[in-house]
Amino acid sequence: MAPFGGWEMPIQYPTGIIAEHRWCREQAALFDICHMGEFLYEGDLDAGGLEGVFTFSVKSIPVGRSRYGFLLNERGGVIDDLIVFRLAPEKVMVVVNAATIDNDFSVISSRLTGAASFTDISQATAKLDLQGPKARDVLTRFFGDDLGTLPYFTFTECTLLGAKAVVSRTGYTGELGYELFLPAHKVRELWELLLTDERVRPVGLGARDLLRLEVGYSLYGSDIDQVTTPLEAGLSSFVNFNKEFVGKEALLAQREEGAPRVKVAFRVNSRRSPRHHYDILFQGERVGSVTSGAFSPMLGCGIGLGFVSREAAAIGSTLTISHEKVSMEGTVCDLPFYRDGSLRS
Amino acid sequence: METYFTKEHEWVTIKDGVAAVGISDHAAHLLGDVTFVELPPLGKVVTQFQQFAAIESVKAASDIYAPLSGKIIKVNEALEVTPEIVNESPEEAAWIVRLEPSNLEELQNLMTRTQYEEFLGGME
């Protein structure tokens, strides 16, 4: 167990990180994600000011669908990455990272007009993620075939165990999977019910970090933060420049000038793990540092993300990853590292 | 056959004048899933309590220290492709090197299994 955003979180269960990782790639992994934050917005999207808050348009999300994007500061840095769920024309749920709940809530509130209600429902809302190629079969076994037809980034409001819930076809693993939101007092019952299926095992944050890195998803606080823009992080596809949002001016200026440093993904030519803060060298010069790294069980080698000066970022460039006595060679590559997940099956 | 331990959690046993060296069950458990072992070159001369190899797990990277001085005469190449045997069998199959000890009096600087277990108990 380890402290994380004010919660005691399971890094791993007794089978260990590698076995848990494999279970998610092959069966169905159950993650306790109750620490993440949820906010509820109710009211007109324009009058309340929500439309100008994020890097994407909330109004353009159809009811029943969700979208990933950013809350930025004036400098274009990422205050948080989040997902917005359009529950109804004038009802929206915002799902944010645990460590950023309080700051996100105050920043978003400060950008709203007060014409709509905006509440932090994190304490009352629990979240479990069921992820893996068997996730759909497990979910439909317990809750009916209708849930099996949800497309990616779509959700449904339904009743689970007699309580109002949101079942969303999203996740953080690169596998077919669901995020299940329900009232906190019901979560233990759901956790125990899902674990009665032999295809389901609990999986901790250690394996979750490996799973997300193999598919190249950013981890807030490591790969993106208040001094990193979506352009630098290679995430401009989640920014809509055809609308207004805080940070847009800074991003436009950076787009004009070119970002001084950019994210790279690289594979290591051995089983060594690059780790957060290791130096990245290119042609003998330090050009940046590692923000996420691990041994990838699926690729059988070390993999990592880092930020480097632009001349070192071309696909195929050879990097040296270095820390004290440890040194390894890496090759810049495309994302995702792992492409054979069941995500869209 | 007596097994001796260091405070850094390496073990060593001596058979027919050759020392087998690895990391303890306790150390393997603390590391979690082992993903990489850096082996020293054959013939390398090592000094007691000096680093001679390295090990990485999903959680951490650690140095491995020589429990005795001597010359490396064999390395466990299986660890290069299946480092997970360190978790499965840390004190048998996952020996890391065999070395020719140069001074067996150095054993006096090590702990017996009973002493090591007391040492671990005191760390809790």
Side-chain angles (χ1 to χ4, degrees), chain A residues 1-2 4 9-25 203-214 219 267-279 290 292-304 321-330, chain B residues 8-10 22-42 44-47 49-66 72 75-91 93-97 124:
Chain A
M1 301 292 279
F4 188 95
M9 295 295 300
I11 298 299
Q12 65 176 71
Y13 294 89
T15 52
I17 290 171
I18 299 279
E20 290 172 23
H21 163 278
R22 175 164 295 274
W23 195 261
C24 184
R25 292 270 181 250
V203 171
L205 291 192
R208 185 172 167 88
D209 191 50
L210 266 187
L211 290 156
R212 70 91 192 168
L213 181 59
E214 283 186 329
L219 174 63
R267 284 180 185 224
V268 176
N269 68 354
S270 76
R271 295 177 61 102
R272 275 205 186 273
S273 302
R275 292 175 201 270
H276 194 57
H277 296 315
Y278 281 17
D279 289 324
V290 175
S292 284
F295 169 76
S296 162
M298 300 314 286
L299 278 72
C301 64
I303 57 173
I321 316 303
S322 158
H323 177 72
E324 296 175 354
K325 291 166 295 187
V326 174
S327 179
M328 63 197 92
E329 196 167 279
Chain B
E8 301 285 349
H9 309 288
E10 291 84 12
I23 67 161
S24 72
D25 184 71
H26 175 79
H29 186 74
L30 281 187
L31 278 169
D33 293 318
V34 172
T35 52
F36 175 76
V37 180
E38 182 184 55
L39 298 169
L42 280 178
K44 184 182 167 94
V45 175
V46 301
T47 305
F49 303 140
Q50 298 291 303
Q51 190 221 337
F52 77 101
I55 189 163
E56 295 190 1
S57 73
V58 290
K59 293 184 198 160
S62 304
D63 291 335
I64 302 177
Y65 300 89
I72 308 285
V75 297
N76 188 349
E77 288 171 357
L79 296 176
E80 291 181 346
V81 279
T82 52
E84 58 270 23
I85 58 179
V86 174
N87 297 109
E88 291 154 12
S89 177
E91 296 187 17
W95 59 274
I96 293 166
V97 296
E124 280 168 8

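In what follows, chains are A, B, ... by sequence order, proteins preceding strands, each numbered from 1.
- Looking at B:N87, there are no atoms closer than 4.5 Å to chain A (heavy atoms on both sides), in backbone or side chain.
- Within the 4.5 angstrom heavy-atom criterion, only backbone atoms of B:E80 (N, CA, C, O) approach chain A.
- A side-chain donor-acceptor contact under 3.5 Å links A:R275 to the backbone of B:A60.
- Closest of all the heavy-atom pairs between B:E56 and A:V326 is OE2-CG1, 4.5 Å.
- A salt bridge links A:R272 to B:E38: one of the charged nitrogens lies within less than 4.0 Å of a carboxylate oxygen.
- Sparse packing is recorded around CZ of A:R22, with 12 or fewer heavy atoms of other residues, nucleotides or ligands lying under 6.0 Å away.
- A side-chain contact (heavy atoms from CB on, under 4.5 Å) with B:V58 is found for one member of A:I18, A:D209, A:I11 and no other, namely A:I18.
- We find the CZ-OG distance between B:F36 and A:S273 to be 9.0 Å, quoted to the nearest 0.5 Å.
- For the atom pair CD of A:Q12 and NZ of B:K59, the computed distance is 4.5 Å after rounding to the nearest 0.5 Å.
- In this structure the side chain of B:D63 reaches within 4.5 angstrom of the side chain of A:K325, judged on heavy atoms.
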